[in-house]
Amino acid sequence: MSRLFRAKEERRTLWQRIVDVALTDVGVLVRGIDHDALEDLEALLIAADFGPPATLRLVDRMEALLREGRVRTQDDLRAAVSAEIMAILGPVPPEPERGSPHVVLVVGVNGVGKTTTIGKLAHALRAEGRSVLLAAGDTFRAGAIEQIGLWASRSGADFVGAEAGADPAAVAFDAVDAALARGADTVIVDTAGRLHTQGDLMAELAKVARVLDKRLPGAPHEVLMVLDATVGQNALAQVRTFSGSVPLTGLVLTKMDGSARGGAVIALREETDVPIRWAGTGERMGDLSPFDPEAFVRQVLGEGT
């Protein structure tokens, strides 16, 4: 998580602008924050992709604390904002109970870095001593099968391929068979990227999940959705639509090193009940780590700046 939001100047600007709005002069500490300042604060957070619900929650909290005289310094304000964002993010829940083998279905729209994320996830799990099998369930995109095979080789994972155009559900079924035969304890199933507006492809995704459950009751044990952390509020629409087709158990946010605002992460947690499991911070094999809410808040607010 140390590489999150490397644009330090932009991070400082966000925090300093919050201070400029909320603690404009000593009068705020005596009379409380005024209406115009509250509107400016709302506009600032909306522009940073916090979304209306999270923005209103933060503004209401800051207004109450300022009016009650419980915030008198920048350190007080930072602590109050940090605490409220941590409350929004909530604790990361424990991993779902592992299956035998443990089946992870990975979904997402086109271009979010899903294939790369699968490779990095396989690497992380292999580092924990798990035996991993990758399944090439994206039989639609040219080169996707070869890419998953390459990531399997790089990470030391096993691999189940497919013919271009094959039924993704059948590939997933065969992957579970192979895992049982080879003794792999974790199966990661790739799927074709699809826009959340493509109803027929969303139905295909639901079919993959049904077939997995038929082959191994309870599978998939995890459904991870990969999201581009820089897309802002569009991520919410994606999560809501995918949730209608498959039961999402966690989010993986890519490009966390390239988004200086971070508000979309907070909006996702305020407006959905899907936890953030992993954060991608680059293109290297090791650039994927479990999501750390405390580290994230420190980076968003620029602790020490």
Side-chain angles (χ1 to χ4, degrees), residues 99-127 130-196 198 200-216 219-228 242 245-246 248-250 252 254 277-278 280 283-285 287-288:
S100 182
H102 188 71
V103 180
V104 181
L105 184 64
V106 182
V107 304
V109 302
N110 303 288
V112 294
K114 183 163 50 60
T115 302
T116 302
T117 295
I118 288 172
K120 292 190 286 189
L121 179 59
H123 173 75
L125 295 177
R126 289 281 296 152
R130 298 181 184 178
S131 55
V132 180
L133 182 147
L134 302 186
D138 181 355
T139 61
F140 178 76
R141 182 172 60 87
I145 297 169
E146 291 77 8
Q147 285 180 330
I148 284 291
L150 180 60
W151 278 110
S153 177
R154 288 176 178 173
S155 63
D158 213 337
F159 174 64
V160 168
E163 295 292 331
D167 180 1
V171 176
F173 188 99
D174 291 345
V176 174
D177 272 349
L180 290 167
R182 302 175 194 180
D185 60 40
T186 304
V187 180
I188 305 177
V189 181
D190 187 20
T191 59
R194 64 204 71 212
L195 295 176
H196 54 291
Q198 295 173 309
D200 55 337
L201 294 181
M202 297 304 294
E204 178 187 82
L205 199 58
K207 176 186 174 185
V208 172
R210 289 196 305 271
V211 168
L212 282 169
D213 181 59
K214 183 176 181 179
R215 177 60 188 85
L216 184 68
H221 306 98
E222 293 187 71
V223 181
L224 298 178
M225 182 172 182
V226 181
L227 291 167
D228 181 336
F242 273 78
S245 297
V246 286
L248 300 181
T249 64
V252 182
T254 65
R277 293 284 186 185
W278 298 87
E283 295 300 319
R284 297 178 302 181
M285 183 78 83
D287 290 340
L288 184 74

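Hydrogens, waters and symmetry mates play no part in the numbers below; they use all other heavy atoms, side chains included. The structure presented is a predicted model; accordingly, all values stated were derived computationally and were not measured.
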Name the one of Ile148, Leu134, Val106 that satisfies side-chain contact (heavy atoms from CB on, under 4.5 Å) with Thr115?
Ile148

Could you check whether any side-chain N or O of [X] sits under 3.5 Å from a backbone N or O of [Y], counting only pairs where one atom can act as donor and the other as acceptor?
X      : Y      : result
His221 : Val103 : yes
Ser131 : Asp185 : yes
Lys114 : Thr191 : yes
Arg277 : Gly250 : no

Which pair of non-hydrogen atoms, one from [X] and one from [Y], has the smallest distance, and what is that distance?
X      : Y      : value
Ala209 : Leu105 : CB-CD2, 4.5 Å
Pro101 : Leu180 : CD-CD2, 3.5 Å
Gly137 : Pro168 : O-CB, 3.5 Å
Thr139 : Ala166 : OG1-O, 2.7 Å
Leu133 : Ala179 : CD1-N, 4.0 Å
Val189 : Val187 : CG2-CG1, 3.9 Å

Going from [atom1] on [X] to [atom2] on [Y], what distance comes out if it is rounded to the nearest 0.5 angstrom?
X      : Y      : atom1 : atom2 : value
Thr249 : Leu224 : OG1   : CG    : 5.0 Å
Asp228 : Asn110 : CG    : CG    : 12.5 Å
Thr117 : Met225 : OG1   : CE    : 12.0 Å
Leu121 : Met285 : CG    : CE    : 11.5 Å
Thr254 : Leu227 : OG1   : CG    : 7.5 Å
Ile188 : Asp158 : CD1   : CG    : 12.0 Å

If you apply the rule side-chain contact (heavy atoms from CB on, under 4.5 Å), what do you find for Glu222 with His102, and how did you get there?
CA-CA 8 Å; Glu222 293 187 71; His102 188 71; 2.8 Å; yes

List the steps, then state whether side-chain contact (heavy atoms from CB on, under 4.5 Å) holds for Val252 with Leu288.
CA-CA 9 Å; Val252 182; Leu288 184 74; 4.0 Å; yes

Chi angles and distances behind the side-chain contact (heavy atoms from CB on, under 4.5 Å) call for Asp177, Val160
CA-CA 10 Å; Asp177 272 349; Val160 168; over 6 Å; no

Does any part of the side chain of Val246, heavy atoms only, come nearer than 4.5 Å to the side chain of Val208, both counted from C-beta?
no

Heavy atoms, side chains only, cut-off 4.5 Å: are Val226 and Ile118 in contact?
no

Lys120/Asp287 ion pair, N-O < 4.0 Å
no

Walk me through whether Leu205 and Phe242 qualify under side-chain contact (heavy atoms from CB on, under 4.5 Å).
CA-CA 9 Å; Leu205 199 58; Phe242 273 78; 3.7 Å; yes

